[in-house]
Number of protein chains: 2
Amino acid sequence: MDLKQVAKDTVKVINSYLTYQAVRIIIGQLTETNPPLAYWLSNFSGQDKIQDGEAYIQALLREKQDLAWRVMTVRQHLAEEVTDFLPEMVRTNIAEANIEHRRQHLEKIAQIVAVEPSHEEFKTSPNDSENQAP
Amino acid sequence: MDLKQVAKDTVKVINSYLTYQAVRIIIGQLTETNPPLAYWLSNFSGQDKIQDGEAYIQALLREKQDLAWRVMTVRQHLAEEVTDFLPEMVRTNIAEANIEHRRQHLEKIAQIVAVEPSHEEFKTSPNDSENQAP
């Protein structure tokens with residue numbers, strides 16, 4: 001288990017994701033101030049293109065340098081504001097999700113085990129007495 | 001700019017990515033100890049399926065419960081070992097990448113500005129004198 005490599009790869013994924021979030025924020029801002037440019041950036045930033053944040057910024061630098069500077073500034077701001085909360089949030093979130101998966105799975109097993117007795121109960125449900133003649 | 005939502009969405013992405021890394025590690029271990037199961041898990045874990053870590057684990061729980069427990073244990077271990085390093089790594093990585101993009105872009109502009117004088121130099125290259133008759 002190469003933990004250093006896992007950490008490095010995870011950083012790459014986070015960088016690309018924060019780049020994507022920066023682009024979304026800028027498209028939102030441009031929609032108010034410069035709708036044609038918002039439309040252009042939205043078209044330029046297809047889902048596939050933004051999978052690799054660095055390649056995306058290089059491509060944007062060739063097309064519209066000012067927008068590329070802006071994306072770089074916003075993603076750096078996001079990195080500074082957001083990353084400190086991530087370790088605790090990720091650990092808590094994974095621990096809670098694991099507990100929830102185990103709980104749901106045990107509940108399902110319990111339902112399967114209990115299915116025979118509950119089937120018996122249907123035979124004496126209140127609806128049956130309503131169907132009887134007075 | 002809704003920083004809380006960005007943090008939440010980023011946590012989801014990291015969770016799914018650590019789930020993917022856990023699966024990769026387990027496939028590596030199984031390749032040594034139980035190749036047919038490694039092959040099964042590799043087939044089951046298509047790229048699309050693992051985009052949402054929680055949906056992936058729910059599906060795996062239905063198919064092979066033991067493997068699902070194992071993925072949950074390994075991803076929790078990764079979260080505990082790796083996440084503390086992420087904030088510093090992400091900030092440094094984005095700051096350095098931004099500097100590198102700016103440097104490369106300025107270099108490219110400098111080359112374009114310098115292209116005319118270097119074009120002049122070709123006229124007096126050493127090859128010209130070789131082509132002259134003695």
Side-chain angles (χ1 to χ4, degrees), chain A residues 1-22 24-25 28-29 53-54 57-58 61-62 65 68-69 71-95 97-102 104-105 108-109, chain B residues 1-22 24-25 28-29 53-54 57-58 60-62 65 68-69 72-95 97-102 104-105 108-109:
Chain A
M1 204 181 290
D2 186 350
L3 291 174
K4 248 191 189 168
Q5 194 56 47
V6 171
K8 271 188 184 176
D9 292 346
T10 309
V11 166
K12 252 190 174 178
V13 168
I14 298 173
N15 284 9
S16 290
Y17 188 70
L18 291 181
T19 308
Y20 160 75
Q21 284 285 356
R24 275 192 58 195
I25 287 165
Q29 293 166 342
E54 306 318 319
I57 284 179
Q58 273 180 342
L61 268 170
R62 283 192 292 269
Q65 182 192 315
W69 294 158
V71 172
M72 286 192 258
T73 306
V74 173
R75 74 172 184 166
Q76 192 155 357
H77 176 72
L78 290 179
E80 277 153 18
E81 294 295 321
V82 160
T83 48
D84 277 338
F85 304 103
L86 294 181
E88 189 56 33
M89 284 173 86
V90 168
R91 279 193 297 262
T92 308
N93 194 286
I94 283 192
N98 281 359
I99 289 169
E100 183 60 21
H101 285 304
R102 290 195 175 101
Q104 279 182 9
H105 194 68
K108 214 170 275 173
I109 290 171
Chain B
M1 204 181 290
D2 185 351
L3 290 175
K4 248 190 188 168
Q5 194 56 47
V6 172
K8 270 188 183 178
D9 292 345
T10 308
V11 166
K12 253 191 173 177
V13 168
I14 298 173
N15 284 8
S16 291
Y17 188 70
L18 292 181
T19 308
Y20 160 76
Q21 284 285 357
R24 274 191 59 194
I25 287 166
Q29 293 166 343
E54 305 318 320
I57 284 179
Q58 274 181 342
L60 189 56
L61 268 170
R62 283 192 293 270
Q65 183 192 314
W69 292 159
M72 284 192 260
T73 306
V74 173
R75 73 174 184 165
Q76 194 155 356
H77 176 71
L78 290 179
E80 277 153 16
E81 294 295 322
V82 160
T83 48
D84 277 338
F85 303 103
L86 294 180
E88 189 56 34
M89 283 174 85
V90 167
R91 280 193 296 263
T92 307
N93 194 286
I94 283 190
N98 281 359
I99 288 169
E100 182 60 21
H101 284 305
R102 290 195 175 100
Q104 279 183 10
H105 193 69
K108 214 172 274 174
I109 290 171

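Throughout, protein chains are lettered first and strands after them, A, B, ... in sequence-line order, and every chain is numbered starting at 1.
Heavy atoms of Y17(B) lying under 4.5 Å from chain A belong exclusively to its side chain. Both the backbone and the side chain of Q58(B) have a heavy atom closer than 4.5 Å to some heavy atom of chain A. Using a 4.5 Å cut-off between heavy atoms, E100(B) does not touch chain A at all. Contacts of V71(A) with chain B are absent, with no heavy-atom separation under 4.5 Å from either backbone or side chain. Both the backbone and the side chain of H101(B) come within contact range of chain A, with heavy atoms under 4.5 Å apart. Contacts between I25(B) and chain A at a heavy-atom distance below 4.5 Å involve the side chain alone, from C-beta outward.
Scanning both residues, N98(B) and M72(A), for their nearest heavy atoms gives ND2-O, 3.0 Å. The two atoms that bring L3(B) and V82(A) nearest to each other are O-CG2, 3.9 Å, heavy atoms only.
For the salt bridge (charged side-chain N to carboxylate O under 4.0 Å, His left out) condition, the pairs that include at least one residue of residues 80-90 of chain B, sequence neighbours left out, are R91(A)-D84(B), E88(B)-R91(B).
Ranked by heavy-atom pairs shorter than 4.5 Å toward chain A, the options T19(B), I57(B), T73(B), V74(B) are led by I57(B). Heavy-atom pairs under 4.5 Å with chain B were tallied for G28(A), G53(A), A79(A); the largest tally goes to A79(A). For the options M89(B), Q21(B), H105(B), heavy-atom pairs under 4.5 Å to chain A are most numerous at H105(B).
Note that CG of N15(A) and CG of N93(B) are 4.5 Å apart. Values are rounded to the nearest 0.5 Å. The CZ atom of R62(B) lies 6.0 Å from the NZ atom of K108(A); values are rounded to the nearest 0.5 Å.
When H77(A), Q76(A), E54(A) are each tested for a side chain to side chain contact (heavy atoms under 4.5 Å, CB included) with I94(B), only one passes: Q76(A).
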Can you give each donor-acceptor pair under 3.5 Å made by side-chain atoms of residues 6-13 of chain A, sequence neighbours left out, with the distance rounded to 0.1 Å?
unit_1 : atom_1 : unit_2 : atom_2 : d
D9(A)  : OD1    : Q5(A)  : NE2    : 3.0
T10(A) : OG1    : V6(A)  : O      : 2.6

Before you tell me yes or no, could you show the steps for I14(B) and V90(A) under side-chain contact (heavy atoms from CB on, under 4.5 Å), namely the whole-Å CA-CA distance, both residues' side-chain angles and the distance that decides it to 0.1 Å?
CA-CA 7 Å; I14(B) 298 173; V90(A) 168; 3.9 Å; yes

